[in-house]
There are 2 protein chains.
Amino acid sequence: MVTLAEVAQHAGVSASTVSYVLSGKRSISASTRKRVEHSIQQLGYHPNAGARALASSRSNIIALMVPLRTDMYVPVMMEIAMAVATSARTHGYDVLLLTGEEGPAAVRRIAGSSLADAMILMDVELHDERLPLLRESGRTAVLIGLPAETGGLTCVDLDFEATGALCVEHLAALGHREVAVIGEAAAVYERHTGFAERTVDGVRAKARETGMRILHRPCEGGYAATAGTLGRVFDERPGTTGFIVQNEAAVEPLLNLLQQQGRAVPEDVSVVAVCPEQVATQASVRLTSVAIPAQEMGRRAVEQVVAKLAGRGTDEVELLEPVLTVRASTGPAPA
Amino acid sequence: MVTLAEVAQHAGVSASTVSYVLSGKRSISASTRKRVEHSIQQLGYHPNAGARALASSRSNIIALMVPLRTDMYVPVMMEIAMAVATSARTHGYDVLLLTGEEGPAAVRRIAGSSLADAMILMDVELHDERLPLLRESGRTAVLIGLPAETGGLTCVDLDFEATGALCVEHLAALGHREVAVIGEAAAVYERHTGFAERTVDGVRAKARETGMRILHRPCEGGYAATAGTLGRVFDERPGTTGFIVQNEAAVEPLLNLLQQQGRAVPEDVSVVAVCPEQVATQASVRLTSVAIPAQEMGRRAVEQVVAKLAGRGTDEVELLEPVLTVRASTGPAPA
DNA sequence: CAGCAGAATCGAAGCGCTTCGACTCCTCTC
DNA sequence: GAGAGGAGTCGAAGCGCTTCGATTCTGCTG
């Protein structure tokens, strides 16, 4: 491996000069810069990451903690993760992938070893065990999701309360009075994952306002589970004419089942989904939906991290405004 | 941050002793070990990753290059990535997530900076641009997937040729003579991604052997695209009674469409999928399928990497044996 | 009982980089 | 024409760890 010293020798300057050319932290004459850059090119020099980290106490790595539960809302998670990785690169950072498996201890390990300059946490629970450790560690961090107590934390998330409200508003405007919410898997609520609960809160609040009856049921997703949930919904509320679906894995099964039962979408039943655009447009019925802006969430999280690391800190909660796109799955309530 | 030196002082030993306690590379008396470990506990010491990397020229990081194309066979990619991250941890490694975006340059950057001890490449094309750089860099690497030229490379993959053959065998045994392969998106073939082509090769070879007629069509996935593909298949081969589906995103749409057309599965038409177990079991019809063992692939890749880093190298191609599970989507060909 | 092997520990030399003075020229300014 | 000040460069001191002798103490062997 080529070292900085070799580059310096090749260019006929001192090591520190090469370092300053690389970092731009001091002024360097054009001629020297050119010479050094040329040597770097020619020798194929790459700064050694470890040495750099040691000397500067900056690793240029952002740790990303994604939930282990690979079976849950996977596409969204993946999209966020990829967006984080991609945006991070544009800011000169690499991303370390941590699965939830290691649990809260990962926070301690990463912070303690200075492996990463900052952390981005996904799948945040309302009372997340990682948060106390995070605060204590004093490391820069950004959450994708919203815990119960956000004091001193930077958070990025879709405004799920507004999302819920938006869905209700849309259905209410179309005249629907009885609406069922097909929620995430029960485990998601048990873990008190913020977004799921907040969506329902938003739905409930707006429903009260508009005089709509809401039936909320968790659903595991998949065909069989969705069939069960749907059956129970119609048993309990035969007059249901609208559905708000939060679990992506229940979207297609639901459409399929409704069709089989002879309930036409949107003539007999309207469906609004909360899901990525791709899911909405590729479903068997083009779905009216509120998009989950996974890419944007990942990007914003990285931007916040970078800003904080640069000292331009903002301990803020940034809620992205939900956008509802009307497609072919919603229509006026049947008379 | 607590340093090794502080631990040493606290325990009343020299720094090197602490280091040896940590690494176990020299014998340490039980009493000293205990004392040092106690100090580590008490001070909450974590070795500094950068310093360690610098001194040992080992970062304990494995770089994972995943394709940028987030819209393709996402669940599988995600599952592999998570399995890699998880297994890596059990061997004491962390995982750096690289998106394809940076392209082949990423290989050079990572190798040059010694950021990672090894790389795992996913989504390998037959003539992958990254491979020459990889060979040149001399870094330890394992591919998940199979390029055209595997000399000197360690590869892990499902045996997709055998997979294709297995599907054909199953359908042939049930008496099907005209079978359509619903393939991956056209772009996948254009990029000459090995697994897609090899599956078709396997299908073709076994079909010749069993006297079966094969029609292979790429398919973008999603409802609309699948509908188009399916229409064209039946136009061209109205006698088609079997389907082999490789594109996960076409599975559910296909079942849905067949049902709408009044073709019962498996009475009129049989469907075999190549997909993760979860997709197969959660579909509207429980699918006969060859599982894509994503977890296992990720795990094996890590194990290979670890073995190579430990000097127990194997420049081998490891093909996982496909397993076909019969479920409810295949039956005897209609008379 | 001299001598030697092995166990346990220490000291010091880096690993390759960043960064902080310090130094040398210039170019202005009054 | 002397002093101020800035631009450009260098040297050296670490950053926190690993690792390679060297050293000290046993406990044996012949």
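This structure is a prediction, so every number in the text was calculated from the model and none was measured. These numbers come from the heavy atoms of this one structure, side chains and all, not from hydrogens, waters or symmetry mates. Below, chain A is the first sequence line, B the second, and so on; all start at residue 1.
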Would you indicate which nucleotide in C/dA8, D/dC17, D/dA22 comes nearest to any side-chain atom of B/Arg52?
D/dC17

Length of the NE2-C1' vector between B/His46 and D/dC17, whole Å
16 Å

Between D/dG16 (P) and A/Leu115 (CG): distance, integer Å
15 Å

Using a heavy-atom cut-off of under 4.0 Å over every strand shown, decide if A/Thr32 touches base, sugar-phosphate, or nothing.
sugar-phosphate

Expressed as a whole number of angstroms, how long is the span from B/Lys34:NZ to C/dT9:P?
14 Å

Distance criterion of 3.5 Å, no angle test: do you see the side chain of A/Ser27 paired donor-to-acceptor with the base of D/dG8?
no

Indicate, with a heavy-atom threshold strictly under 4.0 Å, whether B/Ser29 touches base, sugar-phosphate, or nothing.
sugar-phosphate

Distance check needed: D/dG8 P versus A/Arg33 CZ, whole Å only.
9 Å

Return the nearest nucleotide to the side chain of B/Ser56; candidates are D/dT18, C/dC17, D/dG16.
D/dT18

Between A/Arg89 and B/Glu101, is there a side-chain N and carboxylate O pair less than 4.0 Å apart?
no

Side-chain-base donor-acceptor pair under 3.5 Å for A/Arg26 and C/dG21
yes

Verify the contact: side-chain N or O of A/Lys25 to OP1 or OP2 of C/dT18, cut-off strictly under 4.0 Å; return yes or no.
no

If the threshold is 4.0 Å, N to carboxylate O, is there a salt bridge linking A/Arg139 and A/Asp117?
no

Nearest non-hydrogen partners of B/Val2 and B/Tyr45, listed with the distance:
O-CD1, 3.5 Å

Is A/Tyr20 side chain donor-acceptor paired with the C/dC17 base, going by distance under 3.5 Å alone?
no

hbond_proxy A/Ser14 side chain to D/dG11 base (donor-acceptor, 3.5 Å cutoff)
no

Integer-rounded Å distance: D/dG16 C1' and B/Leu22 CG:
12 Å

Nearest-neighbour nucleotide for the B/Leu4 side chain, C/dC20, C/dT18, D/dT18 considered
D/dT18

Atom OH of A/Tyr45 to atom P of C/dG16: distance rounded to whole Å?
10 Å

Quick one: label A/Ser19 by what it contacts on the DNA or RNA (base, sugar-phosphate, nothing), any heavy atom closer than 4.0 Å.
base

Separation of D/dT18 P from B/Ile28 CD1 (nearest whole Å)
13 Å

Verify the distance criterion only: is there a donor paired with an acceptor across the side chains of A/Ser14 and A/Thr17 at less than 3.5 Å?
yes

Rounding to an integer number of Å, can you tell me how far B/Leu54 CG sits from C/dA13 C1'?
13 Å

Closest to the B/Thr17 side chain, choosing from C/dC10, D/dT19, D/dC15
C/dC10

Is it true that A/Arg130 and A/Asp123 have a side-chain N and a carboxylate O under 4.0 angstrom from each other?
no

With sugar-phosphate meaning primed atoms plus P, OP1 and OP2, does A/Thr3 contact a base, only sugar-phosphate, or nothing at under 4.0 Å between heavy atoms?
sugar-phosphate

Do A/Arg33 and A/Tyr20 have side-chain heavy atoms sitting under 4.5 Å apart?
no

